[in-house]
Every structure is written in structure tokens, then in C-alpha cells.
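Notes follow once the structure below has been shown.
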Amino acid sequence: MAAGTATPLLLLLSVLCFVGASRAANVTYDHRAVVIDGVRRVVVSGSIHYPRSTPDLTLPWRRRWCLQMWPGLIQKAKDGGLDVIETYVFWDIHEPYDFEGRKDLVRFVKAVANAGLYVHLRIGPYVCAEWNYGGFPVWLHFVPGIKFRTDNAAFKAEMQRFTEKVVDTMKGAGLYASQGGPIILSQIENEYGNVDSSYGAAGKAYMRWAAGMAVSLDTGVPWVMCQQSDAPDPLINTCNGFYCDQFTPNSKSKPKMWTENWSGWFLSFGGAVPYRPTEDLAFAVARFYQRGGTFQNYYMYHGGTNFGRSTGGPFIATSYDYDAPIDEYGMVRQPKWGHLRDVHKAIKLCEPALVAAEPSYSSLGQNTEATVYQAPSVCAAFLANIDAQSDKTVKFNGNMYKLPAWSVSILPDCKNVVLNTAQINSQVTTSEMRSLRSSTQDSDDSSITPELATAGWSYAIEPVGITKENALTRPGLMEQINTTADASDFLWYSTSIIVKGDEPYLNGSQSNLLINSLGHVLQVYINGKLAGSAKGSASSSLISLQTPVTLVPGKNKLDLLSTTVGLANYGAFFDLVGAGVTGPVKLSGPNGALDLSSTDWTYQIGLRGEDLHLYNPSEVSPEWVSDKAYPTNQPLIWYKTKFTAPAGDDPVAIDFTGMGKGEAWVNGQSIGRYWPTNLAPQSGCVNSCNYRGSYSSNKCLKKCGQPSQTLYHVPRSFLQPGSNDLVLFEQFGGDPRLISFTTRQTNSICAHISEMHPAQIDSWITPQQNAQRPGPSLRLECPREGQVISNIKFASFGTPSGTCGNYNHGECSSSQALAVVQEACVGMSNCSVSLSSKNFGNPCSGVTKSLVVEAACS
Ligand code: GAL
């Protein structure tokens with residue numbers, strides 16, 4: 001069905017999916033918490049950035065309307081125990097006016113409201129966020145007299161104008177809590193305190209102005225400034241980091257808030273893949289609430305995808321998965337999502353005490369700490385072992401408690417442990433993006449998945465050097481961003497050299513060419529042939545390329561293709577970092593050198609194929625050649641093919657292994673830059689990361705020596721029934737026959753529960769029922785609706801070892817384990833098995849035993 005025919009259906013769905021506003025709420029704060037309608041609230045929040053996923057309401061043929069990306073993500077966040085969704089507002093995507101599709105901020109905020117959750121709207125409008133230019137539109141750089149993020153009239157006028165526009169748009173749609181909408185908080189600026197000293201007194205003046213400007217917009221809800229220890233009243237200064245338990249706000253009347261708890265870390269092209277262990281993240285969260293915090297936000301709860309050219313950097317990868325509780329494809333990441341859900345439940349059980357009492361701290365011995373929230377009728381306690389090595393046994397209120405190293409136990413009644421952050425009761429799910437091998441050329445190959453049989457590839461050659469009429473010629477080398485205004489990643493620098501034969505920079509016909517560039521990627525062509533290339537990296541984008549070149553008598557053409565890979569987004573004066581060839585550009589030989597830096601250069605912004613909209617399949621272009629013998633492994637080629645979307649609802653990604661570097665479009669929508677040949681360093685990874693001890697962004701890395709990113713998400717809403725178009729621009733050279741489509745497949749669900757674990761948190765009803773609390777149990781649930789557990793691949797009760805997919809029996813092992821688990825689970829969508837001696841007998845006494853299970857669903 002064509003999108004145009006869907007309008008009445010869409011309207012109906014809008015009505016079904018979007019419920020109306022509720023009554024106005026009064027949002028304030030005091031020294032303990034955000035206060036909603038006079039009630040202090042303990043809040044769990046998570047970041048989901050609207051343009052990093054899709055609203056998915058454009059495809060009427062897709063089933064399960066309200067469960068697709070935005071509503072689905074928000075529902076999973078709600079099921080995971082979140083109260084608030086946080087998003088930045090990305091200025092560059094909204095101006096000139098654009099609030100459509102993935103940019104439909106109002107729709108996103110309403111989708112959150114529909115799920116019954118609140119919104120924290122971080123307007124910035126500087127946002128950092130690994131987003132191109134930190135979210136600033138690049139045209140802002142060209143406003144006469146402008147200086148960013150300081151006491152500059154031109155900048156302040158633009159910042160105020162955009163901030164007002166966002167606030168007015170939200171007010172117009174009735175979205176502030178003061179109007180009955182979901183927005184309970186807003187942020188102005190972003191971590192300015194990290195850099196303001198570089199801006200001197202003018203920086204301080206700007207920060208105070210920003211605060212005053214925000215407050216004057218009269219949203220009816222509080223404003224925050226993150227990482228701004230001197231944020232003026234009434235703005236709340238908040239903390240960002242891997243841990244914020246030691247943070248204190250700058251006034252006794254402000255609550256302790258954590259706006260960015262980094263659930264993992266971002267990926268760079270050329271970097272290894274970061275991940276953050278679940279136990280450590282849970283520890284950080286519990287410590288924060290233990291030490292008086294009442295508002296915590298996961299950055300990110302769903303990271304998503306940097307579509308198009310939205311990545312910052314330079315060198316930020318297209319995937320923004322972030323090892324978040326919901327993965328890039330929108331699927332819950334287990335056990336992270338499930339364990340944090342349990343942590344949130346445990347904290348919520350403590351909420352009556354947390355909002356009623358002040359924390360009281362005491363030491364239980366070295367590296368251990370108890371915090372008690374005692375009010376007349378309620379009591380909650382947190383027991384922490386912050387030792388990175390040793391488990392401890394502590395005495396608290398007359399009872400003994402075992403605390404694993406680097407963990408917090410939560411006691412909603414000051415007596416019973418409902419959760420320990422290092423003891424994961426949630427299941428583990430292992431899944432992979434499995435290849436549907438597509439040989440897009442040899443369609444008679446019987447191994448082809450039928451849906452992917454395609455019509456072969458067409459190609460178009462992107463010419464080397466200047467081909468556009470509007471090219472400009474100037475003496476000297478121009479900075480790239482000032483020249484392109486980021487209209488394209490690409491800038492050609494072109495000149496020519498006349499050779500007589502006796503030049504001092506020549507050795508016969510040879511010379512050495514040196515080119516210095518601010519980055520990010522450089523390719524050098526001599527007389528139309530590639531003579532060398534180089535790239536910078538996330539830690540330094542600088543390039544110094546040296547290559548021997550051969551020149552011919554007469555005129556020689558020198559064409560430099562300089563490419564940006566996302567504009568800088570962080571640091572003082574990040575907007576002025578620049579890119580492109582700075583020089584020198586120099587030829588040298590045995591008897592001298594020729595410096596070309598000040599010669600006349602001709603500049604072309606962007607590619608011819610970009611001007612011709614080759615990425616847009618609906619525009620017919622004579623450039624395309626259909627020939628079975630298309631070129632491979634050559635730079636600067638556009639490729640195009642048709643394909644049928646993989647059947648079903650499973651998330652889809654393209655595996656670009658075999659290609660070099662480029663950008664890809666599905667039905668005209670860019671799925672981002674791909675760069676599978678950019679490899680992570682060989683070293684720095686760990687096989688299994690010890691969660692104990694302070695985490696940092698390079699502590700737990702995987703995929704060393706491998707491509708940083710091979711898989712590129714194609715949201716289902718980019719696909720259509722029948723024929724789809726895939727267009728690539730390949731910059732370095734690759735073989736599109738090697739591209740394959742992949743879909744998400746779950747391999748196994750597993751769980752590993754010890755007798756030391758507390759019971760599943762749902763079994764907690766009231767403190768009065770403590771006496772009947774059950775013991776630990778193992779729970780499994782198939783990830784998809786309609787699935788049942790079809791097979792128990794492994795079960796062991798005793799002292800088993802290993803990880804999901806790789807379990808082994810230990811010396812001690814009950815002979816009943818497999819039969820008991822099969823009996824309880826096979827044929828069920830979910831099941832629960834108690835670790836009782838009734839079930840398993842006692843295969844070895846005096847030893848702490850565990851139950852591990854690996855199961856398959858179908
Ligand atoms: C913070 C920043 C975020 C994001 C994060 C790293 O400093 O506020 O926007 O960039 O770092 O992912």
C-alpha cells in the first residue's frame with residue numbers, strides 16, 4: 001500500500017495511539033527530590049534520542065503499530081522501570097523548519113506521555129552527544145561577528161531565538177507538566193562548567209545569562225544545568241559520569257540529581273567496542289540512591305543509530321549502541337535490562353522511606369557502609385561493600401549479611417535483602433545478526449535466500465577532480481569547513497604542475513609529495529590515478545601524508561580529495577577546530593623542493609553524484625551503467641541494486657564486510673557512513689571484564705584488531721514490500737557482491753542463579769510477609785510473543801561453570817537437574833524453577849550451589 005493511501009488509517013492510529021493530556025501538575029523541588037504536586041519523587045530516567053530511531057508510523061502495512069520503534073522503545077523503558085525519558089533537542093535538524101518524521105519532537109514527547117511517562121527535555125541547544133558539531137547548525141558559524149558559547153551578542157540572540165522556538169512549540173502543544181503535559185524538567189547548556197574556564201570572565205557572564213534567559217521563558221517546570229557547579233539559583237546543577245554518589249549540589253535547597261549515568265560508551269571508527277558490565281552499572285545506580293540521590297538518568301537507555309551524516313567526532317561510528325539496556329536495534333539487552341529493572345523495583349520499594357527521611361550513614365568495617373532511611377513508619381537501608389577485591393560479611397541491626405565485593409544490598413524494610421547489585425537474577429539472552437547470504441550478482445546461485453535475489457548491480461563512476469561549473473579558484477589552501485559549510489563530507493583541492501624535466505624536486509620522474517591536513521581522510525590523485533591516502537583517528541585527526549609520486553613531462557594534475565567524518569562536538573572552541581588541507585603541500589627531490597601551498601588551487605564542494613542525487617532512486621540518471629562486469633575494488637564508485645526486504649519483523653542490518661568506506665541509502669534514506677575497513681587497535685581488549693573496581697571508558701573493550709563496525713541498521717520502516725533500492729557511494733574500493741543482509745536471531749536464553757541470591761524481586765509483597773519469603777529461583781522467558789521454550793540445551797545444579805552457550809557441569813552436580821528443568825519449562829513461554837532440595841536433592845553439602853540453564857525458544 002502506498003503511503004499516500006494511508007492517511008485516514010494514520011489518523012485513526014494517531015487517535016488510538018495518542019491519548020489526551022492529563023491535568024496540570026505543579027513541579028518544584030526541595031533538597032531531597034523533584035516534587036510533583038507536593039509529593040517528593042524518587043525518579044529513574046533514561047535517554048532515548050528521537051532522531052536516533054524511527055517513529056515508524058509511516059508504514060501502514062506493518063503490524064503491531066504501537067510496538068514499533070518510538071512507542072516500542074518507550075514501552076520497553078516503562079517495563080524496565082523508568083519514570084522519565086530524557087532527550088536532547090538537536091538544533092541542526094530542526095532549522096530551517098523541519099519537525100517531520102524522525103525529527104518530529106512533538107510526536108516523540110506525546111509518545112512518551114501516552115506511555116504515562118515524564119519527559120526531561122534537554123534543549124541545550126549545545127548538546128555534545130557525539131552529534132555533528134555538538135548539535136549546532138553549521139550555518140551558525142557564518143553569522144557575522146559570532147562567537148559560540150560565550151558572552152557574544154550574535155550567539156546569544158540565536159541561542160535565545162531557538163530556545164524560545166522549542167519552548168513555544170512545546171507550550172503550543174500543551175506539553176509542559178504545568179499545562180498537563182509530560183515535561184517535568186528542562187536543561188539549558190550542557191556541561192559548560194567543564195570548559196568555561198577557557199572562556200574567562202565572558203564565559204561566566206554567558207552562563208549566568210543562559211540561566212536567566214531560560215528562567216524567563218516561564219515553562220512552569222525547573223531548569224537544570226549539568227556539570228555546572230556554580231549554576232545560579234533556581235537552576236539545579238547536576239552530575240554526569242560513571243559514578244555520581246559523591247556529588248553534592250551547590251545549595252542545600254537543591255536535590256542530588258544525575259543527568260548522565262553512562263551505561264556504556266560510544267564507538268569510534270578505528271576504536272574497539274566498549275561495554276560496561278551490568279553489575280558495575282547496577283552498583284553505581286544503587287550507590288547513588290544510597291547516598292541521597294533521587295533522580296538518575298541512563299545515558300543512554302537506548303542509544304540507537306547515527307543515520308545520515310549526523311555523527312560528530314570526528315570519527316564517531318554510525319552505531320550509537322552504547323551498550324545500553326535497549327540495544328541499537330531496539331531489543332532488550334539481557335541481563336542488563338532485566339537486572340536494572342530489578343534494581344529499579346528494589347529502589348521503588350524503598351521510596352516511601354527515601355522521601356520521608358534524611359540518610360544516616362555508618363561504617364560497618366573497612367570499605368563497607370550502611371545507609372539507613374528511618375521515618376516513623378518506614379525504614380529502608382542500603383549496605384555497600386565498595387572493596388574492589390574482597391567479599392565481606394557485615395553485621396547490621398544484629399543480623400549478618402554477606403556482601404560480594406563492589407556491591408550494594410537493598411533492604412526495603414531495613415532487614416531483608418531484596419536485591420544485591422552483583423547477584424543477577426535476570427536471564428541472559430544471546431543473539432546475533434545472522435547473515436542471509438545474498439549473492440546479488442549470481443542470482444542462479446542456489447544458496448541465495450530467495451527474498452534477497454536481486455537484479456544485479458548498476459554503477460556510476462565519480463570523476464576525479466573538478467567537474468562542476470561552480471568550482472572556485474583561489475591562491476593558497478582553504479580550510480574545509482569554512483569552504484563547504486558541511487554541505488558535503490567532500491572537498492576537492494585541485495592544481496597542476498608543469499614539468500620541464502630538470503626540476504630540482506625531481507629525481508628522474510620521481511618526487512616525494514608531502515601533504516599536511518587537519519583531517520579527517522585524504523586521497524591524493526596524480527593525473528587521475530590514486531597515488532596515496534591517509535586517515536586520522538578519533539584521538540588525532542591530523543594527517544601527514546608522504547608518498548613517492550611519478551610526474552610526466554608537461555602538465556600534471558594534482559587532485560586532493562579531503563573528507564570529513566563528522567564535525568567535532570566537544571571541548572572549548574570545538575567549533576573552530578577546522579578540517580582539510582592546511583599545507584604544506586610540497587614536492588621534494590635531491591636538489592630542492594616545490595612548495596605548492598600558496599599556488600592557485602581550484603575547489604569543488606561535494607561530489608558530482610551528490611549534485612545528481614544518485615542516492616535518490618526515484619530520480620532517473622543517465623550516469624548509471626548496468627553491466628555484469630561492473631568495477632570492483634576501485635575508489636570513487638556509486639553502486640545501486642534492488643532487493644526484497646527480509647521477511648518477518650526481526651531487525652535488519654547490512655553487513656558491509658568487503659566494502660571500504662562510504663555512505664549507503666535505502667530507498668533514498670541514508671543509513672549512515674559505513675567503514676568496515678577501519679580496524680580497532682590490536683591491543684587493549686579483555687576477554688572477560690572484571691566488574692569490580694572503578695569503570696572507565698577504556699576498561700572493558702572488545703573486538704580488538706577487528707573492524708569497529710561491520711553491521712549497519714536498516715530500520716524496518718525504511719523498507720517496503722516488494723522491491724527496495726540500495727545505493728552506495730564507495731570511496732576507497734570494495735566488492736558489493738560480498739555485502740549481505742542480516743537479521744536478528746536469538747541463540748539461547750540462559751540463567752545462572754546461586755543459593756546466595758535473594759528471591760526474585762516480584763515475590764516481595766509487604767514487609768509483613770517476610771517470614772514466608774521464598775528462596776532463590778531461576779526464571780526464563782522467551783524473548784518474543786508467541787514463542788515457547790522448545791529445548792533445554794543444558795541444565796546443572798551443583799557447581800557448574802562457564803557462560804551462556806558454554807556451560808560445564810562442576811564436580812558437584814545433581815542428576816535430576818535436566819529432568820526437573822525440562823518438566824517445568826518445555827512448552828512454556830516462561831517458567832520458574834526453585835533452587836530447593838525438593839527439586840534437586842543435595843548433591844554436595846557444605847557447598848554453595850547454583851542452578852544454570854541454557855534453553856532455546858521457537
Ligand atoms: C557527555 C555529554 C554527552 C555525551 C557524553 C559521552 O560529556 O554531555 O552529550 O557526549 O559525554 O557520550
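Heavy atoms only: backbone and side chains are in, while hydrogens, waters and symmetry mates are out. Start at 1 and go down the list; that is how both ligands and their atoms are numbered.
Considering only non-hydrogen protein atoms, atom 7 (O) of ligand 1 sits nearest to Glu191 OE1, 2.3 Å. Nearest protein neighbour of atom 5 (C) of ligand 1, counting heavy atoms only, is Glu260 OE1, 3.6 Å. Here the protein heavy atom with the shortest distance to atom 10 (O) of ligand 1 is Glu130 OE2, 2.6 Å.
Aromatic rings from Phe315 and Phe269 are positioned such that their centres are separated by 6.0 Å or more. Side-chain rings of Tyr199 and Tyr206 stay apart, their centers remaining 6.0 Å or farther from each other.
Both tests pass for Lys156 against the ring of Trp209: distance under 6.0 Å to the centre and angle within 45° of the axis. A cation-pi arrangement is not found for Lys661 relative to Tyr674, the charged atom failing to lie both closer than 6.0 Å to the ring centre and inside a 45° cone about the ring normal. Cation-pi check for Arg102 over Phe718 is not met; the charged atom does not lie both under 6.0 angstrom from the ring centroid and within 45 degrees of its normal.
Residues passing the ring pair (Phe, Tyr, Trp, His ring centres under 6.0 Å) test with His120, sequence neighbours excluded: none.
Near Val127, meaning under 4.0 Å from one of its heavy atoms, ligand 1 places the atoms 9 (O). Counting atoms of ligand 1 from 1 in the listed order, those under 4.0 Å from a heavy atom of Trp265 are 6 (C). Shown in contact with Tyr299 at under 4.0 Å from a heavy atom are these atoms of ligand 1, numbered in order with element: 3 (C), 4 (C), 9 (O), 12 (O). Residue Tyr322 approaches ligand 1 through these ligand atoms, each under 4.0 Å from one of its heavy atoms: 6 (C), 12 (O).
The shortest N or O to N or O distance between Phe266 and ligand 1 is not below 3.5 Å. Geometrically, ligand 1 and Arg122 share no nitrogen or oxygen pair separated by less than 3.5 Å.
Pairs of residues two or more places apart, or lying in two chains, that qualify as salt bridge (charged side-chain N to carboxylate O under 4.0 Å, His left out) and include a residue from residues 189-203 are Arg149-Glu189, Asp196-Lys204.
The closest approach between a heavy atom of Tyr88 and any atom of ligand 1 is below 4.0 Å.
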